[in-house]
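I have placed the structure first, in the form of structure tokens, so that the comments after it can refer back to it.
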Amino acid sequence: MGTDVDAFLGQLARHLRPQVKKLAGLLLQRLNGEAPELWEDADIAALTLDETAQHVSAFLDLLEIRPGTSPSEVPPAALDIGRLYARRGIPVSRLLRVYRLGHLGLLERVQAEAPRLTSDWHMIHLATMRLVAIGFDYVDFSSEEVVAAYQEERDHLLRRRLALTDRASKRIGTTLDVTRTAEELTEVCTEDFADLVAVDLFDAALGEPGTGSPEAGAPRRVAQRSVLDGCPESLLSRGEAHSYPSDSEPVRALATGRSVLHHVTGTEVPSWMAPSESHGRMLRALGLHSVLLVPLHARGGTLGLVQFVRHRTSVPFDDDDLLLAQEIVSRAAVSIDHARRYTHERSTALTLQQALLPRHTVRQPAVETASRYLPAGTGAGVGGDWYDVIPLSGARVALVVGDVVGHGLHAAATMGRLRTAVRAFADIDLMPDELLTHLDDVVIRMQREESRDEGETSATCLYAVYDPVSRRCSLASAGHLPPTVVTFPTTGGATRTSGIAELPEVPIGPPLGLGGLPFETAEFELPEGSLLALYTDGLIAGRTRDVDLGLATLHDVLTSAPESPQSLEEICDQLLAALLPGRPADDVALLVARPRALDPDHVAVIDLPSDPAAVSGARRFASDVLGAWGLDELSFTTELIVSELVTNAIRYGKSPVQLRLILQSTLTCEVSDASSTAPHMRRARISDEGGRGLLLVAQLAERWGTRHHRGGKVIWAEQTLPAGSGPSSEGTT
């Protein structure tokens, strides 16, 4: 009987073979009412008829050729539809429901044809039972294969999305530049996710203070990228400000903060994408079919909007794509916000840094100077490097360079405080080691005042004092690099040979802020025509460059011997070009000085006995010297100043007493003695015979003060020279 049933089923299959397309059409008519989602997607609808016909043929093959055996393969169109469902993000349950409905309808159609071939109801009953068994086997097998294809495609999509997320995390936010971060977002997402990506940011997100918002003004197209050359989908150019229509989906997305998945149906193109009819026709020709609008959120504010567009990619965006886009944009928003805040803080710190540094190179007769400051070009930001040139009494000058540990506003503000402290200590003429000791105390007090969140304050500093009369340089270091001294031997007159660069033996003390450790002052002579270079470690050290190599390069530049001496500005430029061809990894301060010697004819010295009678001799000496210098106009006031200072030294000081007159840009009177007791002005009563000497000096002189040294003290007073008088250009060398 089994053979008879199989033969009948084969006959039934051959009877239905010419009606395959008709059967497929009837099945689709039934499915159209029970599963209308098949026709919602054009690609699925196009495959469904072919797939249904292939299923009908495969089932008839089982009845005719291999009755009683299991199916060996699934129609290719069925696997294609399973993959298409996966790409569209349609749940697999909907796919299986369509399968059940379709195969049930097929069994019913085949069973309905059996009575037309035989009137034997027993045979019809047996054939029906066999049809049900074969049908269930076929449905089970084909369903498993289709679900496997569906899951394989979903896994593939998941791997692609995970790979995209991984690429985004690695490639977005590599710099602290807002525009570059937006460009990185477009580059990553146009590789295999979208065909066009456009990033619009409010001006507040481009580095200005405050938080961007839809009310903050028109957005600006910061970055856009397309799979097509020239980005024809967009009429905007980079950097162009624009506005969306007031009732458009981008405005609603920005106002609500909610992302939007928009499918373009038929010939409809949103007006916010196609402001003109011709542009709309172009977008329709490209096949625009879906758009994602994702707001950029960070720290509770809206920075802008990102648009993802598909036209060449046939698969439209789905809800999973929207979630993926939101995750990527969220990461990009954090990076953009960091870049915005860094840009604002760096700009503020740089402005503060430049305001605190000397605005112009100080013109000082004792030295010729040139300087440079370069902020860091990386994410480290502006630091606390500084330099200074401070005129001192006695024609001397102080050269300073320092480096506050850290970067940003705190480092720049700390630098300003330390520079002010150095100037205050220099104004009272402290020795270099004493000055650094007091500066160390300042840093320690700052550490106590600051919170733990700001970190521990520390700095290095090099303080040097040059005396053009003796050509001696005194300096001390608090954890700072020693300066480079370059001397140029002369042969045969003025001919210059290659220079010799040396690092003077300077005891390197501890960095500022440690406390309790001493600093030492070193002294050396600066020969005529020499150079002195002070700098921070950012000039010679780097991530890819050894300090020794940086020093060697610096020495090579400084020791070059052109036919005529170069200007210090040119030397600074050459140093930066040789040592920092790119943007520096750390901020850099550079100060180059060419010391000058004071003409011996502009210095007059006399040793005085510790006797009040020596005061008149000191006045005569001063009068004679001023007559020789052509400064007779200053004789009267100078004699009064000399008289008071010498009298004060003889009366309250210790021998030896010395008077020194220095003619430079001012006339300086100096009286030194071996006592360390500092003079001070006091209020004299009407009946007092004395006590008015320093008050008189303060009234007659432009500036006056006291400086201490190892052997005692010096009281000095400066007077402004009359117009048209003073030393000529030959006064210094």
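For the single chain, residues carry numbers from 1 onward in sequence order. Given the structure is predicted, the values throughout are model-derived calculations rather than measurements.
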Are the side chains of Pro483 and Leu475 in touch, meaning some heavy atoms are under 4.5 Å apart? yes
Student check: side-chain heavy atoms of Ile540 and Leu481 closer than 4.5 Å: yes
Salt bridge present between Glu525 and Arg471 (N-O < 4.0 angstrom): no
In Å, rounded to the nearest 0.5 Å, how long is the span from SG of Cys669 to CD1 of Ile641? 5.5 Å
Hey, could you give me the CG/CG distance between Leu430 and Leu436, rounded to the nearest 0.5 Å? 10.0 Å
Closest contact, heavy atoms only, Leu568 versus Glu368: CD1-O, 3.0 Å
Does any non-hydrogen side-chain atom of Pro510 lie less than 4.5 Å from one of Phe519? yes
What distance do Arg660 atom CZ and Ser672 atom OG have between them, rounded to the nearest 0.5 Å? 8.0 Å
Evaluation steps, side chain to side chain contact (heavy atoms under 4.5 Å, CB included), between Leu661 and Leu659: CA-CA 7 Å; Leu661 300 177; Leu659 168 63; 4.3 Å; yes
A side-chain contact here means heavy atoms from C-beta on lying under 4.5 Å apart; do Thr369 and Leu399 qualify? yes
Please say whether more than 12 non-hydrogen atoms of neighbouring residues, nucleotides or ligands are located less than 6.0 Å from CD in Gln574. yes
So Val657 and Pro609, do their side chains get closer than 4.5 Å, heavy atoms only? no
CD1/Ile444 to CG/Leu514 distance, rounded to the nearest 0.5 angstrom? 8.0 Å
One pair to check against salt bridge (Lys or Arg N to Asp or Glu O under 4.0 Å): Arg707 and Glu670. What are the steps and the verdict? CA-CA 10 Å; Arg707 68 175 182 268; Glu670 295 184 347; 3.0 Å; yes
Heavy-atom donor-acceptor pair, Asp587 side chain to Gly384 backbone, under 3.5 Å: yes
Heavy-atom donor-acceptor pair, Asp440 side chain to Gly515 backbone, under 3.5 Å: yes
For Leu580 versus Gly538, what's the shortest heavy-atom pair and its separation? CD2-O, 3.9 Å
With side chain to side chain contact (heavy atoms under 4.5 Å, CB included) as the criterion, how do Thr638 and Val625 come out once you've worked through the C-alpha distance, each side chain's angles and the decisive distance to 0.1 Å? CA-CA 11 Å; Thr638 304; Val625 170; over 6 Å; no
Do Ser458 and Val443 have side chains that get closer than 4.5 Å, going by heavy atoms? no
Separation between CG (Asp601) and CH2 (Trp629), nearest 0.5 Å, reads 9.5 Å
Under 3.5 Å: donor-acceptor pair, side chain of Thr637, backbone of Leu634: yes
Answer yes or no: is there a donor N or O on one side and an acceptor on the other, between the side chain of Gln447 and the main chain of Thr457, under 3.5 Å? yes
Assess the side chains of Arg619 and Ser643: does a donor N or O sit below 3.5 Å from an acceptor N or O? yes
Parallel, tilted or perpendicular: rings of Phe425 and His438 (30°, 60°): tilted
Side chains of Ser393 and Glu718: any donor to acceptor distance under 3.5 Å? no
Mind running side chain to side chain donor-acceptor pair (under 3.5 Å) on Gln719 and Thr666 for me, showing each step along the way? CA-CA 6 Å; Gln719 298 178 76; Thr666 59; over 6 Å; no
Would you mind reporting whether Arg423 and Ile390 have side-chain heavy atoms less than 4.5 Å apart? yes
Is Ser665 close to Leu721 at the side-chain level, that is, under 4.5 Å between some pair of heavy atoms? no
Check this for me, if you would: do Arg372 and Glu569 make a salt bridge, where the nitrogen-to-carboxylate-oxygen distance has to be below 4.0 angstrom? yes
Dump the intermediate steps for side chain to side chain contact (heavy atoms under 4.5 Å, CB included) on Val671 and Val714, then the final yes or no. CA-CA 6 Å; Val671 176; Val714 176; over 6 Å; no
So, does His708 use its side chain to make a donor-acceptor pair with the main chain of Ser676 at under 3.5 Å? yes
Please report the interatomic distance CG(Leu558) to CD1(Ile500), rounded to the nearest 0.5 Å. 13.5 Å
Is a donor from one side chain sitting under 3.5 angstrom from an acceptor on the other, for Thr536 and Asp385? yes
Check: Ala478 main-chain N/O paired with Thr460 side-chain donor or acceptor under 3.5 Å: no
Looking only at heavy atoms, the pair that brings Val486 and Gly499 closest together is CG1-CA, 4.3 Å
Can you give me the closest heavy-atom contact between Pro482 and Pro504, atom names plus distance? CB-O, 4.3 Å
Does CZ in Phe524 sit with more than 12 non-hydrogen atoms of other residues, nucleotides or ligands closer than 6.0 Å? yes
Any donor-acceptor N or O pair under 3.5 Å, side chains Thr484, Tyr535: yes
Look at the side chain of Asp611 and the backbone N and O of Ala614, then say whether any donor-acceptor pair between them is shorter than 3.5 Å. no
